[in-house]
Amino acid sequence: MGLITADTVRPSPAVVPANTFLLGAVEAEIAVTLGRDLGPRAEPYSPEEVLDAVRTWHAAIEVLDTAFADWAATPAVWRIADRQSHGLLVLGAGVAERPSIPLARLPVVLTIDGETAFSHEGGNTGGDPVRLLTHLANARRGAGRPLLAGDVVTTGSTTPFLRVTPGQRVRAIFEGLPEAELTISPA
């Protein structure tokens, strides 16, 4: 669970200079914005309670980044401490209705310069996004900082880690959600 701060969230379409990031890789993700707090309490939240707290659903592109000069050689525990390699989150327009297809099977297409770089059904690396959201809400309910209304939460990658280069345009497309778009501008 890496912290995403407000200064690393951008609305789609976003344009980001290539020299902003060392790693320059992207992933397609499903994100949500919460409409109410999931505050501290003794009993665990149910999946239905967590879903009821979601205000909007978003297609998203996460730009991976690192503080380490040699990311590939960096031990996994250090990558976790490095905000789980989070650099930027580009959010597509939000919709109130959850996609009608179960999120674990939601089709996703990631394009680079109009060409399909990856396309499949489901594929979240952590499993069902509803289970992941519920786990996070319950992990944070007893912590110092629970999930609050207005928080943006991403549910993890649904595509492989793909490197991009200056001038490329990336789109994340999930059935039932407005797409997210990012252009990597030359430095």
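Just so we're clear, the structure is a prediction, and the values are computed from it rather than from any experiment. When reading the values below, keep in mind they use all heavy atoms of this one structure, side chains included, and skip hydrogens, waters and symmetry mates.
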Using ring-ring contact (aromatic ring centres under 6.0 Å, His included) as the criterion, list what pairs up with F118, not counting sequence neighbours. H120
State, with a plain yes or no, whether a side-chain heavy atom of P13 is found less than 4.5 Å away from one of V15. no
On a heavy-atom basis, which atom in S185 and which in P17 lie closest, and how many Å separate them? OG-CA, 3.2 Å
Contact list for residues 143-161, test salt bridge (Lys or Arg N to Asp or Glu O under 4.0 Å), sequence neighbours left out: R145-D151
V95 versus G176, closest heavy-atom pair with distance: CG2-O, 4.2 Å
Side chains of L182 and V63: closer than 4.5 Å at any heavy-atom pair? yes
Where is the tightest heavy-atom contact between V50 and A137, given as atom of each residue plus distance? CG2-CB, 3.8 Å
R141 meets the side-chain hydrogen bond (donor to acceptor under 3.5 Å, both in side chains) criterion, sequence neighbours left out, with N138
Run V108 and T159 through side chain to side chain contact (heavy atoms under 4.5 Å, CB included) and show every step you take. CA-CA 8 Å; V108 57; T159 61; 4.0 Å; yes
Quick one: which residue pairs count as a salt bridge (Lys or Arg N to Asp or Glu O under 4.0 Å) with a foot in residues 111-138, not counting sequence neighbours? none
Do T111 and V170 have side-chain heavy atoms sitting under 4.5 Å apart? no
Mind checking side chain to side chain contact (heavy atoms under 4.5 Å, CB included) for E179 and listing every partner two or more places apart, or none if nothing turns up? R171, I173, E181
When rounded to the nearest 0.5 Å, the distance separating CH2 of W57 from OG1 of T155 is 8.0 Å
What one should report as the nearest heavy-atom pair of A180 and I61 is O-CD1, 3.5 Å
Non-hydrogen atoms of L89 and A60 that approach each other most closely: CD1-CB, 3.9 Å
Using the side chain to side chain contact (heavy atoms under 4.5 Å, CB included) rule, take V153 and L133 through it: C-alpha gap first, then chi angles, then the decisive distance, then the call. CA-CA 8 Å; V153 180; L133 282 170; 3.7 Å; yes
Measuring from atom CD1 of I112 to atom CZ of R163, what distance do you get when rounded to the nearest 0.5 angstrom? 12.0 Å
Which heavy atom of P178 sits nearest a heavy atom of A59, and at what distance? O-CB, 3.3 Å
Check against side chain to side chain contact (heavy atoms under 4.5 Å, CB included), F174 and V109: CA-CA 7 Å; F174 290 91; V109 177; over 6 Å; no
What residues, two or more places apart in sequence or in another chain, satisfy side chain to side chain contact (heavy atoms under 4.5 Å, CB included) together with P47? V130, T134
Qualifying salt bridge (Lys or Arg N to Asp or Glu O under 4.0 Å) pairs, either residue in residues 91-108, two or more places apart: none
Under 4.5 Å between any side-chain heavy atoms of S12 and L91, yes or no? no
Applying salt bridge (charged side-chain N to carboxylate O under 4.0 Å, His left out), can you list everything that pairs with E43, at least two apart in sequence or on another chain? R41
Quick one: side chain to side chain contact (heavy atoms under 4.5 Å, CB included) partners of E175, sequence neighbours excluded? I101, L106, P107
Hydrophobic clusters here meaning ILVMFWY residues chained together by side-chain heavy-atom distances under 4.5 Å, can you tell me if V54 and L132 are in one? no
Can you give the donor-acceptor pairs under 3.5 Å from side chains of residues 27-40 to other protein atoms, not counting sequence neighbours?
unit_1, atom_1, unit_2, atom_2, d
E29, OE1, T154, OG1, 2.2
T33, OG1, H58, NE2, 3.0
R36, NH2, E49, O, 3.1
D37, OD1, A149, N, 2.8

Counterpart residues, side chain to side chain contact (heavy atoms under 4.5 Å, CB included), relative to T165 (two or more places apart): Q168
